[in-house]
Amino acid sequence: MNQPRGRGGFASDRGGFNSSTSAVNQERREVSIFERFLGNGDGSAQSNGNPRGSNRGGRGGYRGGRGDRLNPSTSAVNQERQESSIFERYLGNRNGTSNPFTSGSNQENNGRDSNRDGRGGYRGGRGGGFNSFATGSNQERREGSIFQRFLGNGDGSAQSNGNPRGSSRGGRGGYRGGRGGGFNSFATGSNQERREPTQNAFAANRGSTFNRFNSGNDQERHGYDSNNRGRGGYRGGRGGGFIAFAIGANQEIVGHISNRDGFAQLNGNPRGSYRGGRGAYRGQRRINGHQNQADGNQNVDDNIADNNVYVPHNRISEELFAEDQKAEALYANVVDDDEDVVVENFDQSLFRLMKWEDAEFEPQLLTNVKERAKYTRPRKIQSVTIPLVIDRFDVVSQAETGSGKTAAYLLSIIDDIMKGKLCKDEDTFVSEPASPFAIIIVPTRELAQQIYEQALKFADKTGVNIAKAYGKYDLGPNNNEIRFGCDW
Ligand SMILES: Nc1ncnc2c1ncn2[C@@H]1O[C@H](COP(=O)(O)OP(=O)(O)OP(=O)(O)O)[C@@H](O)[C@H]1O
């Protein structure tokens, strides 16, 4: 029998546990509990009940712990099996995956499976997944799955594929945010009964997907599932969703659907692939039940969780533009008050940028500056600096605080990247992970955060990605931000 292992990512160990079931007259009870406290862990778990498809284990990220594998398999007739699987993780990089498997008909298997130290990923906690699939007739199935996560930056997802012919892929962690595990199943057939409550517990970064699949006739299913792990995307944990999908006749589905922050995907295609939900960007982050949203007055220490892991929380560009719009009246005629700029060591004719259009910025950048940030015209330091930077001169600009120096170099750089990406010749800028086009070095974290926000704002919708790095910022998420944020 095929017992695939999960696939680890960078430097991570891996563990996997996959199983499939194909039989008749089975009884199956499964409990899966994932608990995580105070640690950075990552992992995912997958299961594929595809009797003909491929099995792929969960994929970890980097630095995660390693999971034991437990692969019980039985093949016989007249068997009964009861399984519980417990994953516990405290204070370390642990996580686990477990998927029970039975094969045969009329089997009995009374086992208790406990996995600790599952597979980890990139620092953040990743929820495991509990996935199962049953096909056949006259089945009874009870499953419980509990995912819990506290206090960490987690990441993970889990997916299930009940596709009798398709492939199954495990959850994919995102970055930074807590990602919950998933419980996925799918049901097709007739004469099914299904009751599934779902419970989301308190605390941080949670969410989950919950999907089930049953295939066969005359099935009865009473599941109680509790998913406590959120799945996060970039910057923050977010809740997943609860998705139940069923196809067939005479089915009863009792349950509820709740979505919190984020989205989940479901593909119930009986012949296609099934992928669990995936977190999006910039979800809210919750720490110990308290929502921690950026509010504009935040300093960089605001996001130190109880475990002393600092991950900055960033404002979204709309908030930043809104600030500029509020200041519009204040800055409307600021140019007139700017000190004149004296240019030294430059013996060519100087072009002063009197209006934004003359900079020939890419349209979106122009919109961002003029329409969205409400910068009606270039300030004096900008009018001199921008043309020189665009023409690739080395420039040292010096002006008083608050005179608009930041925009002077940011706009020039962003426009250059945009043009580089757009052009289709040997100068084309090709994005690669962790390969910044430009690096801005500043002396303090606060300044880095401020300039990052400005850059984020100006680059909004331009296709240019911005990332930041500084001390104190938890290395794992920071690496991930760089890896996926500049300039990919
Ligand atoms: N062209 C413009 N039109 C209107 N407002 C502008 C313009 N350029 C910059 N500003 C505003 O001027 C203010 C000061 O800009 P900024 O902080 O970038 O200046 P700075 O010279 O970089 O400051 P510091 O020396 O403190 O880094 C900001 O509120 C910014 O939004």
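No hydrogens, no waters, no symmetry mates; every other heavy atom, side chains included, goes into these values.
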Shortest non-hydrogen contact from [X] to [Y]?
| X | Y | answer |
| --- | --- | --- |
| Gly471 | Arg445 | O-CD, 3.2 Å |
| Gln364 | Lys461 | CG-O, 3.4 Å |
| Phe351 | Asp358 | CZ-CB, 4.0 Å |
| Asn478 | Ala469 | OD1-CA, 3.4 Å |
| Tyr470 | Ala448 | CD2-CB, 3.8 Å |
| Pro387 | Gln382 | CD-O, 3.9 Å |

**Request:** Quickly, which of Asp336, Val335, Asp337, Leu330 forms a side-chain contact (heavy atoms from CB on, under 4.5 Å) with Asn333? Name it, please.
**Result:**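 Result: among Asp336, Val335, Asp337, Leu330, Asp336 is the only option passing the side-chain contact (heavy atoms from CB on, under 4.5 Å) with Asn333.
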**Prompt:** Pick from Val395, Ile390, Val341: which one makes a side-chain contact (heavy atoms from CB on, under 4.5 Å) with Thr385?
**Reply:**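 Answer after filtering Val395, Ile390, Val341: Val395.
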So how far is it from [X] [atom1] to [Y] [atom2], rounded to the nearest 0.5 Å?
| X | Y | atom1 | atom2 | result |
| --- | --- | --- | --- | --- |
| Gln454 | Thr406 | CD | OG1 | 6.5 Å |
| Ile413 | Ile440 | CD1 | CD1 | 4.5 Å |
| Glu371 | Thr367 | CD | OG1 | 6.0 Å |
| Lys326 | Lys374 | NZ | NZ | 14.5 Å |
| Leu447 | Ile441 | CG | CD1 | 12.5 Å |
| Glu362 | Thr462 | CD | OG1 | 10.0 Å |

Using modelled atom types only, decide if a donor and an acceptor are shared between the side chain of [X] and the backbone of [Y] within a distance under 3.5 Å.
| X | Y | result |
| --- | --- | --- |
| Glu481 | Lys468 | yes |
| Trp356 | Phe361 | no |
| Asn368 | Phe458 | yes |

**Request:** Evaluate whether atom CD of Gln398 has more than 12 neighbouring non-hydrogen atoms of other residues, nucleotides or ligands under 6.0 angstrom away.
**Result:**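 No - once you tally the heavy atoms of other residues, nucleotides and ligands closer than 6.0 Å, there are 12 at most.
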**Prompt:** Quick check: are there more than 12 heavy atoms from other residues, nucleotides or ligands sitting under 6.0 Å from CD of Glu360?
**Reply:**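 At most 12 heavy atoms, drawn from other residues, nucleotides or ligands, come within 6.0 Å of this atom.
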**Request:** Check the pair Arg379, Val334 against side-chain contact (heavy atoms from CB on, under 4.5 Å), reporting the backbone distance first and the verdict last.
**Result:** CA-CA 7 Å; Arg379 294 183 66 172; Val334 70; 3.4 Å; yes
**Message:** In the structure I gave you, are the side-chain heavy atoms of Ser397 and Tyr409 within less than 4.5 Å of one another anywhere?
**Reply:**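 The answer is no, as the side chains (C-beta and beyond) never meet within the 4.5 Å cut-off.
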**Prompt:** Pairs in or reaching into residues 449-459: which pass salt bridge (Lys or Arg N to Asp or Glu O under 4.0 Å), with residues at least two apart or in two chains?
**Reply:**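 Sorted pair list: Arg315-Glu453, Asp324-Lys457.
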**Asked** Which salt bridge (Lys or Arg N to Asp or Glu O under 4.0 Å) pairs, counting each pair once, include a residue from residues 388-410, with sequence neighbours left out?
**Response**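 Salt bridge (Lys or Arg N to Asp or Glu O under 4.0 Å) check on residues 388-410 returns Arg392-Asp416.
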**Request:** Applying side-chain contact (heavy atoms from CB on, under 4.5 Å), run through Asp460 and Ile316 and close with a yes or a no.
**Result:** CA-CA 9 Å; Asp460 194 44; Ile316 58 173; over 6 Å; no
**Asked** Is Lys380 salt-bridged to Glu339, going by a charged N under 4.0 Å from an acidic O?
**Response**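 Answer for the salt bridge query: no.
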